[in-house]
Protein chains: 2
Amino acid sequence: MDDMKLTARGRATRQRIIEATGEQILASGIGGTTLDTVRAATLTSKSQLFHYFPGGKAELVREVAAWEGAQLLAAQQPHVDDLGSWESWSAWRAALVDYYLGLGRWACPIGSLATQAAATDPELERVIAESMGAWRDLLSAGVRKMQASGDVDASADPERIAMVILTAVQGGLVMSQPLRSAWPLEAALDSALDPLHRVRVGSEGA
Amino acid sequence: MDDMKLTARGRATRQRIIEATGEQILASGIGGTTLDTVRAATLTSKSQLFHYFPGGKAELVREVAAWEGAQLLAAQQPHVDDLGSWESWSAWRAALVDYYLGLGRWACPIGSLATQAAATDPELERVIAESMGAWRDLLSAGVRKMQASGDVDASADPERIAMVILTAVQGGLVMSQPLRSAWPLEAALDSALDPLHRVRVGSEGA
DNA sequence: CTAAGAATGGACCATGAAGTCCAATCAGGA
DNA sequence: TCCTGATTGGACTTCATGGTCCATTCTTAG
């Protein structure tokens, strides 16, 4: 799929197409993103789209998913590689919210793809599941660090806690979107992160 | 919009169209649902679709959203009207999971519409926000009952707790979908419902 | 019974979007 | 320089889909 002869110019063009498509999909969904609008936004021609993505729109969307997944993890660096203290979790949380804030809309590039294309494209589903899995692995590793240092009860299931945090992110975004406000996301995140406090500092009410 | 002369037969046909469209949207998304597939599934003709929904597909989708929203709340009866005790919350949780289980896919008819059509159709967005709001009101009323009976700390914010529970439902479904398993939804729900225990009975670990 | 209006059937149109094709450039190595 | 292959431009085709229209068949109130 990627075994293609590409010069520097070619790679740049290909990347430009992926990023522009990603933006359009986030803004208007897969269905609202057409090859023509992508072409216009990238100043390319139809043949280029198929030159770099022989599989057509489906392949392009898959590449976007892979790219967005990588971006999502990159945006959480370096915090997500630490997560060994409450401070690092807090910093991670801030970085994540900032990332979504920077997108301009309360939506997850990966999560929204997951709901849009779930049953449609099994291959895309695989790419998405992979991103989610990698993400979850990073979080559960962090939870384990917290257990090792005694900040979190050793009997807790790190996989479960990591999953709950991920659901908080996704669910928070779903609810933040129509309300056009960060508060559902932040409330969900804080609530999911609560078990990571050894000492409950107090409530972060309203 | 609904000021239309309808006989019993007409109402039945109209309803049949709404329900079939709802199923198709849940299965394949708005984009994957075409007037032709709806027509085929309902044994109707093109003219009937436009007869009952003069606004075309957009209006049909809106009606589906309204219907699904009502169904969603109906599926939580009678538990959602109680929620004055931990037992009723538990029963509510079970009914909700059963509802989604009955749908055959881990997706929320309302939540998935929310992510799909957010920026596309403001009117649809309104319908969705209304459903979500009504739902949240029911939950926060329940939380208040728990506060009144002393089961929940009076200083907690019922609106916030209700929102966190909703995010758990939505996020749980997002993550359950690719995994094809109820456990992310259940983990998220249990985690969000945890503050409603007066007596922590113990952990529900793995 | 009978007209008025609801309900239905289905051909037809317009449009937009995916995908194809070929010719024309551009870039870099021999 | 020249030639091969990457890159690009854009017209063209095909097809699905939303939407229009009108004729026909049911229903029902008077």
Side-chain angles (χ1 to χ4, degrees), chain A residues 1-25 27-65 116-117 120-121 123-124, chain B residues 1-25 27-65 116-117 120-121 123-124:
Chain A
M1 238 168 241
D2 264 333
D3 54 347
M4 182 182 272
K5 290 273 185 187
L6 290 183
T7 67
R9 180 151 69 126
R11 248 174 291 126
T13 300
R14 192 185 133 98
Q15 187 57 30
R16 187 157 37 98
I17 294 171
I18 289 177
E19 293 182 20
T21 306
E23 284 169 29
Q24 292 192 13
I25 287 181
S28 321
I30 296 179
T33 300
T34 76
L35 295 186
D36 247 19
T37 59
V38 170
R39 195 186 46 66
T42 54
L43 283 331
T44 53
S45 62
K46 215 54 171 307
S47 69
Q48 282 168 286
L49 263 34
F50 284 87
H51 177 68
Y52 294 112
F53 308 94
K57 189 178 182 179
E59 180 179 345
L60 174 54
V61 171
R62 280 194 294 269
E63 294 294 320
V64 167
Q116 280 179 59
T120 340
D121 184 342
E123 187 59 25
L124 175 58
Chain B
M1 227 160 251
D2 262 331
D3 55 347
M4 182 182 273
K5 289 274 188 186
L6 290 183
T7 67
R9 179 150 71 126
R11 248 173 290 126
T13 300
R14 193 185 132 100
Q15 187 58 29
R16 185 156 37 100
I17 293 171
I18 289 177
E19 294 183 20
T21 306
E23 284 167 30
Q24 291 191 13
I25 287 181
S28 322
I30 295 179
T33 300
T34 75
L35 296 186
D36 247 19
T37 58
V38 169
R39 196 185 47 64
T42 53
L43 282 331
T44 53
S45 62
K46 217 51 170 309
S47 68
Q48 281 169 285
L49 264 34
F50 284 86
H51 178 65
Y52 294 111
F53 308 95
K57 188 177 183 179
E59 181 180 343
L60 174 53
V61 172
R62 281 194 294 269
E63 294 294 320
V64 167
Q116 280 180 59
T120 341
D121 183 343
E123 187 60 25
L124 175 58

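Order of the sequence lines sets the chain letters (A, B, ...), proteins ahead of strands, with each chain counted from 1.
Using a distance-only test at 3.5 Å, with no hydrogens or angles considered, a donor-acceptor pair links the side chain of A:T37 to the main chain of A:T34. Between the side chain of B:K57 and the backbone N or O of B:I30 there is at least one donor-acceptor pair closer than 3.5 Å. For B:T42 (side chain) and B:V38 (main-chain N/O), a donor-acceptor pair under 3.5 Å exists by modelled atom type. Here the side chain of A:R39 pairs no donor or acceptor atom with the backbone of A:S45 at under 3.5 angstrom.
Residue B:L6 places its side chain closer to C:dA7 than to any other of C:dA7, D:dG19, C:dA18. Checked against C:dA7, D:dG10, D:dG18, the side chain of A:K46 finds its nearest nucleotide in D:dG10.
Neither OP1 nor OP2 of C:dA6 sits under 4.0 Å from any side-chain N or O of B:Y52. For D:dT7, the OP1/OP2 oxygens have no side-chain nitrogen or oxygen of A:R14 closer than 4.0 Å. Regarding contacts with the backbone of D:dT7, every side-chain N or O of A:Q48 stays at 4.0 angstrom or more from both OP1 and OP2. Between B:T44 and the phosphate of C:dG9, there is no side-chain N or O to OP1/OP2 separation shorter than 4.0 Å. B:R9 has a side-chain polar atom (N or O) that falls below the 4.0 Å cut-off from OP1 or OP2 of C:dT8.
Spacing between atom CD1 of A:I17 and atom C1' of D:dT8 amounts to 11 Å, rounded to whole angstrom units. For the pair B:L60 CG and D:dT17 P, the interatomic distance rounds to 15 Å; values are reported in whole Å. Remark: P of D:dT25 and NE2 of B:H51 are 18 Å apart, rounded to the nearest angstrom. For B:F50 and D:dC22, the CZ to P distance is 16 Å, given to the nearest whole Å. Between A:D36 atom CG and C:dG19 atom P the separation is 13 Å, expressed in whole Å. Going from atom CE of A:M4 over to atom P of D:dA6 covers 9 Å, rounded to whole Å. Rounded to an integer number of Å, the gap from CG of B:L35 to P of D:dT20 is 11 Å. The distance between atom CZ of A:R11 and atom P of D:dA6, rounded to the nearest whole Å, is 13 Å.
Among the heavy atoms of the strands, none lies under 4.0 Å from A:L49. Within the 4.0 angstrom heavy-atom criterion, base atoms lie near B:S47. Across all strands shown, B:T33 has heavy atoms under 4.0 Å from sugar-phosphate atoms exclusively, and none from any base.
For the residue pair A:E59 and A:F53, the shortest heavy atom distance occurs at OE1-C, 3.6 Å.
Residue-to-nucleotide contacts include no donor-acceptor pair under 3.5 Å from the side chain of A:K57 to the base of C:dG19. For A:K5 against D:dG5, a side-chain-to-base donor-acceptor contact under 3.5 Å is absent.
Looking at which nucleotide of DNA chain D each of B:T37 and B:A8 is closest to, the 5′-most match is held by B:T37. Taking for each of A:T7 and A:G55 the nucleotide of DNA chain C with the nearest heavy atom, the 5'-most of the two is the partner of A:G55.
Between the side chains of A:Q24 and A:T21, no donor-acceptor pair is found at a separation under 3.5 Å.
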